[in-house]
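Values below: all heavy atoms of this structure, side chains included; hydrogens, waters and symmetry mates excluded.
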Amino acid sequence: MRIDIITLFDEMCETVLSESIIGRARAAGTVDVRCHQLRDYALDKHRRVDDTTYGGGMGMLLKAEPIALCYEHICDELGEKPHFVYMSPKGAILTQHRLKELSSYPNICVLCGHYEGVDQRVLDAYVDEEISIGDYVLTGGELPALVFCDALLRLQAGVLSDDACYRDESHYDALLEYPQYTKPYEWRGRSVPEVLLSGHHENITRWRREQSILETMDKRPDLLERATLTEQERALLRSKDGE
């Protein structure tokens, strides 16, 4: 997968995406991430990419032409149009389900807004979807873009040591992850559940599945509507609900 990020803060994006697991995957060539400085596509010597809004109002707006030129340059490099995502508080909330769908796309371009946002005309002309990471507003689209890229790239083959690393995590199958423990066995009067020390893999798998369901029921019951549960698991929920 290749991801191209259009941003005013390319160094910030490079710094974050060059660290840890994603950084190692980039260095190994497992994934390809390129950060494009929007000011490189400005039309004047001052590299200005924003202007005042028609109709008045506070703040500045990113202009359409620099974004269009940058996007078209990326299209020329690829030889095709990538799926174009705009990080926006007006977008659909990012979910693990949508990430799984997007993980099969070979090329994705991500636009980071700033100031009061982006001229609507370039969004209408090029953007395929708007994505939000939550119902709140940040000073720019870089942090949402980095969250999006991290969550998406870790689903690519070879980025994590094993696919189970993300299959067992919260939200992958509409359930929250089961509780986990490490050494020591006892900590301040609290012990590790005995089943995890039993060595009985089938019992451990069953316990983890049950705990995952119960965690979801306790913390995010809304997710259970999308979860695939057996009749026995639904009976477990009913029994706990009746306690």
Nearest-0.5 Å distance that lies between atom [atom1] in [X] and atom [atom2] in [Y]:
X: Leu38; Y: Cys70; atom1: CG; atom2: SG; result: 6.5 Å
X: Leu102; Y: Asp128; atom1: CG; atom2: CG; result: 10.0 Å
X: Leu152; Y: Ser103; atom1: CG; atom2: OG; result: 6.5 Å
X: Leu111; Y: Ile131; atom1: CG; atom2: CD1; result: 12.0 Å
X: Thr30; Y: Arg24; atom1: OG1; atom2: CZ; result: 11.0 Å
X: Phe148; Y: Ser132; atom1: CZ; atom2: OG; result: 12.5 Å

Point to revise | Stepwise side-chain contact (heavy atoms from CB on, under 4.5 Å) test for Asn107 and His83 | key: CA-CA 6 Å; Asn107 301 302; His83 186 71; over 6 Å; no
Looking at every heavy atom in both [X] and [Y], which two are closest together, and how far apart are they?
X: Glu19; Y: Thr15; answer: CG-O, 3.3 Å
X: Ala174; Y: Leu223; answer: O-CB, 3.4 Å
X: Glu80; Y: Pro106; answer: OE2-CG, 4.5 Å
X: Val110; Y: Cys149; answer: CG2-SG, 4.5 Å
X: Leu99; Y: Ala151; answer: CD1-CB, 3.5 Å
X: Leu224; Y: Met217; answer: CD1-CA, 3.9 Å

Less than 4.5 Å apart, any side-chain heavy atom of [X] and any of [Y]?
X: Met12; Y: Leu143; answer: yes
X: His114; Y: Val49; answer: no
X: Glu215; Y: Pro179; answer: yes
X: Val127; Y: Val85; answer: no
X: Leu196; Y: Pro193; answer: yes
X: Ile108; Y: Tyr105; answer: yes
X: Pro82; Y: Asp4; answer: no
X: Ile6; Y: Cys109; answer: yes

Give a yes or no answer on whether the side chain of [X] reaches the backbone of [Y] with a donor-acceptor pair at less than 3.5 Å.
X: Arg48; Y: Asp50; result: yes
X: Thr216; Y: Leu175; result: no
X: Gln37; Y: Leu8; result: yes
X: Arg26; Y: Leu17; result: yes
X: Arg2; Y: Asp32; result: no

Hey, are [X] and [Y] close enough for a salt bridge, meaning a charged N less than 4.0 Å from a carboxylate O?
X: Glu129; Y: Arg98; result: yes
X: Glu210; Y: Arg206; result: no
X: Arg234; Y: Glu231; result: no
X: Arg209; Y: Glu233; result: yes

Review point. For Asp135, does the CG atom sit with more than 12 other heavy atoms under 6.0 Å from it, leaving out its own atoms?
Key: no
Review point. Around Gln180, counting heavy atoms of other residues, nucleotides and ligands shown, do more than 12 lie under 6.0 Å from its CD?
Key: yes
hydrophobic_cluster_shared for [Y] and [X], side chain cutoff 4.5 Å:
X: Ile67; Y: Leu78; answer: yes
X: Ile21; Y: Leu153; answer: yes
X: Val16; Y: Val147; answer: yes
X: Leu61; Y: Tyr115; answer: no

Practice item. Could you pull out all residues at least two apart from Glu186 that satisfy side chain to side chain contact (heavy atoms under 4.5 Å, CB included)? Key: Ser191
Review point. Given the rule in the side-chain contact (heavy atoms from CB on, under 4.5 Å) test, do Val31 and Ile3 qualify, once you have shown the distances and angles that lead to the verdict?
Key: CA-CA 8 Å; Val31 294; Ile3 297 180; over 6 Å; no
Check your understanding: Can you name the residues that form a salt bridge (Lys or Arg N to Asp or Glu O under 4.0 Å) with Asp119, not counting sequence neighbours?
Key -> Arg121
Exercise for review: Can you spot which of Lys219, Arg220, Arg226 makes a salt bridge (charged side-chain N to carboxylate O under 4.0 Å, His left out) with Asp222?
Suggested key: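 The salt bridge (charged side-chain N to carboxylate O under 4.0 Å, His left out) with Asp222 is passed solely by Arg220 among Lys219, Arg220, Arg226.
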Review point. Would Lys240 and Leu214 count as a side-chain contact (heavy atoms from CB on, under 4.5 Å) if you check the C-alpha gap in whole Å, the side-chain angles of each, and the deciding distance to 0.1 Å?
Key: CA-CA 8 Å; Lys240 291 296 181 181; Leu214 294 176; 3.5 Å; yes
Review point. Does the pair Glu177 and Ser212 meet the rule for a side-chain contact (heavy atoms from CB on, under 4.5 Å), with working shown?
Key: CA-CA 5 Å; Glu177 190 175 9; Ser212 181; 5.9 Å; no
Practice item. Measure centre to centre between the rings of Tyr41 and His36, then say whether the value is under 6.0 Å. Key: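 They do not qualify: ring centres at least 6.0 Å apart.
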